[in-house]
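Working notes, structure below.
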Amino acid sequence: MGRILPRNFYDRETEVVARDLLGAVLETATPHGRTSGMIVETEAYIGEHDAACHAAAGRTQRTEPLYGKPGLAYVYFIYGVHWCVNAVTRREGLPSAVLIRALEPLDGVELMRTRRGTRARDTDLTNGPGKLCAALGIDGSMNGLSLQHRPIAIREGESIPAEKIETTARIGITRAADWQLRYLVRGNPWVSRTPKALRNAPPE
DNA sequence: TCGAAGATTGTCT
DNA sequence: GACAATCTTCGAG
């Protein structure tokens with residue numbers, strides 16, 4: 001098992017952290033057991049000037065973790081149904097975070113299947129932010145926790161070569177939708193499917 | 001295989 | 001009261 005990523009890993013530009021998190025291993029340990037997966041897709045959300053970032057609404061009770069120290073977990077509830085997990089970063093004074101969008105399952109696949117429902121196919125277990133939270137048992141109780149120890153942590157994993165990393169526009173947002181801040185491992189079967197809306201995204 | 005629409009609740013205007 | 005960093009189901013092609 002790789003070492004747990006140190007706090008200063010997160011204390012860099014958010015885009016760099018988002019790219020470097022590809023290949024790292026997210027793991028959770030609850031009374032039900034241990035589950036882990038390799039991160040294959042991320043998105044960067046950068047400060048109050050980023051209209052798609054929750055911090056654009058300013059410092060509120062909800063966004064409080066974004067203003068905390070790098071290396072914290074920011075977990076929020078969306079659409080009345082799903083949880084999504086972020087790693088808080090720091091780009092000099094900006095409330096920023098990296099959304100974990102997809103994982104390739106490693107340990108505890110059976111437990112993931114139990115939590116997700118037995119009908120889910122292997123590749124449907126963790127290929128989306130809401131899905132991976134369900135599979136790993138992540139919910140609001142983990143909001144604001146450190147990513148350096150149980151019940152939730154991120155470890156050093158594979159190093160992904162630059163030519164395998166693809167950059168696209170972010171998904172599922174309406175504001176600043178053309179910013180190229182989504183990072184994914186090209187060709188990995190667990191990456192969430194790209195909506196058609198991305199087709200007219202400007203290359204730069 | 002693809003596109004459209006509903007679910008459901010916390011948060012902010 | 002509107003809307004959201006999503007997922008699932010359902011119907012058409």
Side-chain angles (χ1 to χ4, degrees), chain A residues 10 14-15 17-19 21-22 26 37 39-68 72-91 94-105 112-144 147 152 154 166-184 189-201:
Chain A
Y10 302 95
T14 305
E15 300 95 313
V17 176
R19 211 165 47 225
L21 276 176
L22 295 178
L26 174 64
I39 297 169
V40 297
E41 182 179 348
T42 61
E43 281 178 4
Y45 287 86
I46 306 172
E48 297 176 354
H49 70 285
D50 178 355
C53 183
H54 287 174
R59 186 168 188 162
T60 67
Q61 186 171 9
R62 182 203 204 189
T63 59
E64 193 59 31
L66 292 175
Y67 292 80
L72 296 183
Y74 170 49
V75 183
Y76 66 90
F77 194 55
I78 192 66
Y79 294 111
V81 187
H82 304 288
W83 294 99
C84 295
V85 63
N86 298 245
V88 174
T89 64
R90 174 69 66 169
R91 189 166 76 169
L94 295 178
S96 311
V98 175
L99 170 68
I100 313 295
R101 286 195 56 89
L103 301 176
E104 176 175 333
M112 292 187 202
R113 186 179 301 284
T114 301
R115 293 201 273 227
R116 288 273 295 127
T118 51
R119 299 194 342 207
R121 296 171 16 177
D122 276 18
T123 49
D124 287 333
L125 241 33
T126 55
N127 63 338
K131 295 179 187 177
L132 72 89
C133 282
L136 298 207
I138 296 171
D139 62 23
S141 69
M142 296 186 187
N143 188 33
L147 290 167
I152 181 169
I154 300 180
E166 197 168 334
T167 305
T168 77
R170 293 175 293 184
I171 292 188
I173 57 175
T174 55
R175 291 165 293 186
D178 58 337
W179 291 20
Q180 305 289 298
L181 291 175
R182 174 177 178 240
Y183 303 89
L184 57 91
W190 278 270
V191 168
S192 70
R193 209 158 135 330
T194 300
K196 208 172 163 187
L198 280 186
R199 70 194 143 163
N200 46 10

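Just so it is clear: chains get the letters A, B, ... in the order the sequence lines come, proteins before strands, and each one is counted from 1.
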Tell me the interatomic distance from [X], atom [atom1], to [N], atom [atom2], rounded to whole angstroms.
X: A:Leu132; N: C:dC7; atom1: CG; atom2: C1'; result: 13 Å
X: A:Arg175; N: C:dA4; atom1: CZ; atom2: P; result: 7 Å
X: A:Ile100; N: C:dT6; atom1: CD1; atom2: P; result: 14 Å
X: A:Leu99; N: C:dT6; atom1: CG; atom2: C1'; result: 11 Å
X: A:Tyr74; N: C:dA5; atom1: OH; atom2: C1'; result: 9 Å
X: A:Asn143; N: B:dG10; atom1: CG; atom2: C1'; result: 12 Å
X: A:Gln61; N: B:dT11; atom1: CD; atom2: C1'; result: 10 Å
X: A:Tyr79; N: C:dA5; atom1: OH; atom2: P; result: 6 Å

Practice task
Identify the nucleotide, in any strand shown, that forms a Watson-Crick or G-U wobble pair with C:dA5, with both distances under 3.5 Å; if there is none, say none.
Solution key: none
Problem - Residue whose closest nucleotide on DNA chain C lies nearer the 5' end, A:Thr174 versus A:His82 - result: A:Thr174
What nucleotide, of [options], holds the atom closest to the side chain of [X]?
X: A:Arg62; options: C:dT8, C:dA4, B:dT11; answer: B:dT11
X: A:Ala57; options: C:dA5, C:dC7, B:dC12; answer: B:dC12
X: A:Phe77; options: B:dT9, C:dA5, B:dA7; answer: B:dT9

Practice task
Using the C1' atom on both, measure C:dC3 against B:dA5 and round to a whole Å.
Solution key: 16 Å
Exercise for the section: Sticking with atom P, work out how far B:dG6 lies from C:dA2, rounded to a whole angstrom. Expected result: 16 Å
Practice task
Under 4.0 Å between any heavy atoms, over every strand shown, what does A:Gly130 touch: base, sugar-phosphate, or nothing? Just pick one.
Solution key: sugar-phosphate
Exercise for the section: Give, for atom CG of A:Leu99 and atom CD of A:Glu41, the distance between the pair rounded to the nearest 0.5 Å. Expected result: 8.5 Å
Exercise for the section: Any chance you could measure A:Arg113, atom CZ, to A:Asp122, atom CG, to the nearest 0.5 Å? Expected result: 5.0 Å
Problem - Side-chain ion pair, A:Arg101 and A:Glu43, N-O less than 4.0 Å - result: yes
Could you tell me whether the phosphate oxygens of [N], OP1 or OP2, come under 4.0 Å of any side-chain nitrogen or oxygen in [X]?
X: A:Arg121; N: C:dT8; answer: no
X: A:Arg182; N: C:dA5; answer: no
X: A:Thr60; N: B:dC12; answer: yes

Exercise for the section: Apply side-chain contact (heavy atoms from CB on, under 4.5 Å) to the pair A:Val98 and A:Tyr45, showing each step before the final yes or no. Expected result: CA-CA 6 Å; A:Val98 175; A:Tyr45 287 86; over 6 Å; no
Handout entry: Flag side-chain contact, heavy atom, 4.5 Å: A:Tyr10 against A:Leu147
Key = yes
Practice task
Identify whether a stacking contact exists between A:Tyr45 and C:dA5, where the ring centres must be under 5.5 Å apart and the planes under 30° apart.
Solution key: yes
